[in-house]
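Here is the structure we will look at.
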Amino acid sequence: MAMQGLFSRFSDLRRRSSADASVSAEPREERKTMDVPQPRPRRRKPLDAGPFQPEIGSFRLHLAAEGKAAKTVRTYTEAVQWFAAAHLIPRPPAPGGTR
């Protein structure tokens, strides 16, 4: 009999705590959806590799022949073009610069 009384008290406590849990002291926050920014269209930078362009074209064909993904081929090729344009092609000195 004592066990039955204990169980009824326990179940009564559970009922009250679950009813109290639905009513909280703080108001619930509203969930707001956030707009996902649309990706900007990718603009290709004009890269002039000058005399290295034929070798870069050959490198592009080599990557494609190896079965690399199109984005990988484009990324690697642009990296080589950038390097050639920025570091391998001699530029005239800037006006007023010392040499």
Side-chain angles (χ1 to χ4, degrees):
M1 195 76 164
M3 286 295 265
Q4 215 171 22
L6 197 65
F7 283 131
S8 66
R9 277 187 171 175
F10 180 71
S11 62
D12 185 44
L13 283 174
R14 283 183 56 200
R15 263 188 257 122
R16 275 193 277 159
S17 66
S18 64
D20 291 342
S22 64
V23 178
S24 64
E26 297 177 24
R28 285 189 175 185
E29 290 184 27
E30 284 188 35
R31 292 186 180 214
K32 297 178 183 176
T33 57
M34 188 171 137
D35 292 333
V36 177
Q38 296 298 320
R40 291 181 291 171
R42 190 167 185 261
R43 289 185 226 144
R44 293 198 175 189
K45 297 174 185 168
L47 300 173
D48 181 23
F52 299 102
Q53 197 59 50
E55 284 80 8
I56 293 171
S58 177
F59 178 59
R60 178 188 302 267
L61 287 174
H62 173 75
L63 293 172
E66 283 185 337
K68 303 286 186 201
K71 188 172 182 180
T72 301
V73 171
R74 185 180 69 230
T75 303
Y76 286 12
T77 304
E78 286 178 1
V80 173
Q81 283 179 325
W82 174 84
F83 182 80
H87 298 289
L88 299 179
I89 298 176
R91 294 188 204 149
T98 59
R99 189 147 219 236

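FYI, the numbering just counts along the sequence from 1.
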List for me each residue that meets side chain to side chain contact (heavy atoms under 4.5 Å, CB included) alongside [X], sequence neighbours excluded, and say none if there are none.
| X | result |
| --- | --- |
| Glu66 | His62, Leu63, Lys68 |
| Ala64 | none |
| Glu55 | none |

What pairs with Phe83 under ring-ring contact (aromatic ring centres under 6.0 Å, His included), at least two apart in sequence or on another chain?
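Listed in chain order: His87.
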
How far apart are the closest heavy atoms of Ile56 and Ala49, and which atoms are they?
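Ile56 and Ala49 have their closest heavy atoms at CD1-CB, 3.5 Å.
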
Nearest 0.5 Å, please: how far is CD in Gln53 from CD in Gln81?
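If I round to the nearest 0.5 Å, the distance is 4.5 Å.
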
